Amino acid sequence: MKPIKSNRNITIGMRVVVVLFLLLTAGESFAQKVDVDFDKDVDFSKYRTYAFTEGTPTPVTLTNQRIEKAIEAQLAAKGLTRVESYADLMVVFHCAVTERTRFSTRNLDGWGWGPGWGWGRGWRRWGGGGTEITEVEQIPVGTLIVDIGDSSTKRYIWRGTATKTISSKSDKNAKVIDNVMKKMFEKFPPQVRR
């Protein structure tokens, strides 16, 4: 008599594949994202000075100071000088916090090694069934936009946008701000090929 093949192994394998896929895509959706755009008709080499103008800061004063300091460090590294008036460039930053929903499902019992059916006797089965619980978590995600405009033409010429999850630890957020700014300004000023 032929043994009856079980679809159980296929089902378990499919569940593992689905869980891995969800974990990988969830990691990607909450990863740091930085984009830059600029006016390709502008000669960025003519600018020497900049000043900050008011944008949309966060409610957290220290975070705003960290953002401003990080922008200042990046622009100073590019040879630009901060002035209080008659600046070539105006720099403004905008912050927003949204929430993304993350679902995590875990099995409370019934999966793992234990007594039962399988190949042979004893503790050899990969179990199935049981109770699952899905937890819903709201993850705060910060968006930071840095706009740079030409003071004489009153036109924006460069924009950097960054999106990243926000930690509950301020020192971790401070490091994220520095890293985001480095990535955002790594190709500033843009080299326009004519």
Side-chain angles (χ1 to χ4, degrees), residues 23-104 136-193:
L23 288 174
L24 290 173
T25 56
E28 282 297 314
S29 66
F30 297 121
Q32 173 180 301
K33 183 178 179 193
V34 177
D35 291 314
V36 174
D37 191 15
F38 61 94
D39 186 339
K40 292 167 182 52
D41 295 329
V42 173
D43 176 13
F44 283 82
S45 65
K46 67 182 180 181
Y47 301 114
R48 301 279 179 253
T49 60
Y50 72 94
F52 281 94
T53 187
E54 188 162 339
T56 314
T58 72
V60 183
T61 309
L62 288 174
T63 301
N64 295 322
Q65 292 171 0
R66 289 179 182 120
I67 292 168
E68 192 170 312
K69 184 178 175 184
I71 294 170
E72 193 173 281
Q74 292 303 313
L75 292 176
K78 304 298 182 170
L80 293 168
T81 305
R82 182 177 181 175
V83 295
E84 294 305 316
S85 58
Y86 304 107
D88 299 329
L89 298 171
M90 296 307 294
V91 178
V92 60
F93 66 88
H94 307 280
C95 301
V97 177
T98 57
E99 290 187 340
R100 291 192 183 157
T101 304
R102 179 170 55 189
F103 299 96
S104 14
V136 179
E137 185 179 4
Q138 297 298 329
I139 308 293
V141 178
T143 300
L144 172 63
I145 298 172
V146 179
D147 282 324
I148 299 179
D150 185 312
S151 297
S152 61
T153 64
K154 307 287 189 236
R155 286 183 27 205
Y156 286 112
I157 59 172
W158 186 90
R159 171 174 269 196
T161 306
T163 305
K164 176 81 172 111
T165 55
I166 299 173
S167 173
S168 60
K169 298 178 182 176
S170 60
D171 59 335
K172 188 174 181 182
N173 289 331
K175 288 178 186 175
V176 167
I177 290 169
D178 287 337
N179 291 336
V180 161
M181 289 304 166
K182 285 177 189 170
K183 189 171 183 181
M184 190 181 287
F185 283 93
E186 70 185 357
K187 293 182 181 174
F188 182 90
Q191 303 300 315
V192 181
R193 294 182 184 166

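Because only heavy atoms are used, hydrogens play no part in the values below, and waters and symmetry mates are left out as well, while side chains stay in. On a predicted model such as this, the values are computed, not experimentally measured, just so you know. We count residues from 1, following the sequence as given.
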Please name the pair of heavy atoms, one in A51 and one in A87, separated by the smallest distance, quoted to 0.1 Å. N-CB, 3.5 Å

Evaluate the criterion side chain to side chain contact (heavy atoms under 4.5 Å, CB included) for residue pair R155 and D39; output intermediate values, then yes/no. CA-CA 10 Å; R155 286 183 27 205; D39 186 339; 2.2 Å; yes

NZ on K164 to NZ on K183, rounded to 0.5 Å: 10.5 Å

If we ignore angles and hydrogens, is there a donor and acceptor under 3.5 Å between the side chains of T101 and E137? no

Side chain to side chain, L80 and T49, heavy atoms closer than 4.5 Å: no

Output all residues satisfying ring pair (Phe, Tyr, Trp, His ring centres under 6.0 Å) with F93, sequence neighbours left out; order by chain, then residue number. none

What residues, two or more places apart in sequence or in another chain, satisfy side chain to side chain contact (heavy atoms under 4.5 Å, CB included) together with A174? R66

OG (S151) and CD1 (I157) are apart, to the nearest 0.5 Å, by 9.0 Å

Atom pair OG1 (T143) and NE2 (H94), whose distance is rounded to the nearest 0.5 Å: 12.5 Å

Qualifying residues under ring pair (Phe, Tyr, Trp, His ring centres under 6.0 Å), relative to Y156, sequence neighbours excluded: none

To the nearest 0.5 Å, tell me how far I145 CD1 sits from T56 OG1. 8.5 Å

One should read off an interatomic distance between T81 OG1 and L75 CG, to the nearest 0.5 angstrom, of 10.0 Å

Does a sphere of radius 6.0 Å around CD in Q138 hold more than 12 heavy atoms from other residues, nucleotides or ligands, not counting ones at 6.0 Å or beyond? yes

To the nearest 0.5 Å, what is the distance between CG on D37 and CZ on R159? 8.5 Å

Does K187 reach the side chain of F38, with side-chain heavy atoms less than 4.5 Å apart? no

So the salt bridge (charged side-chain N to carboxylate O under 4.0 Å, His left out) pairs with at least one residue in residues 85-98 (sequence neighbours excluded) are none

Can you confirm whether I71 sits close enough to F185 that some side-chain heavy atom of one is under 4.5 Å from a side-chain heavy atom of the other? yes

Could you tell me if the side chain of V141 sits less than 4.5 Å from the side chain of E99, heavy atoms only? no

Exam field: side chain D147 to backbone V92, donor-acceptor pair closer than 3.5 Å: no

Pairs involving residues 171-182, ordered by first then second residue, that meet salt bridge (charged side-chain N to carboxylate O under 4.0 Å, His left out) (sequence neighbours left out): none

For the residue pair D150 and Y47, establish whether any side-chain heavy-atom pair is separated by less than 4.5 Å. yes

Take L89 and W158 through the test side chain to side chain contact (heavy atoms under 4.5 Å, CB included) and record every step on the way to the result. CA-CA 10 Å; L89 298 171; W158 186 90; over 6 Å; no

K78 (side chain) donor-acceptor with F188 (main chain) under 3.5 angstrom: yes

Just jot down the salt bridge (charged side-chain N to carboxylate O under 4.0 Å, His left out) partners of R82, sequence neighbours excluded, or say none. E68, E72

Taking all non-hydrogen atoms of both residues into account, name the closest pair between M184 and V36 and its distance. O-CG2, 3.5 Å

A side-chain contact here means heavy atoms from C-beta on lying under 4.5 Å apart; do L144 and I67 qualify? yes

Please assess N173 against I166 for the test side chain to side chain contact (heavy atoms under 4.5 Å, CB included), listing each intermediate value before the final yes or no. CA-CA 7 Å; N173 289 331; I166 299 173; 3.7 Å; yes

Under the 3.5 angstrom rule, does the side chain of R48 hit a backbone N or O of S45 as a donor-acceptor pair? yes

Just by distance, no angles: are the side chains of D35 and T161 close enough, under 3.5 Å, to form a donor-acceptor pair? no

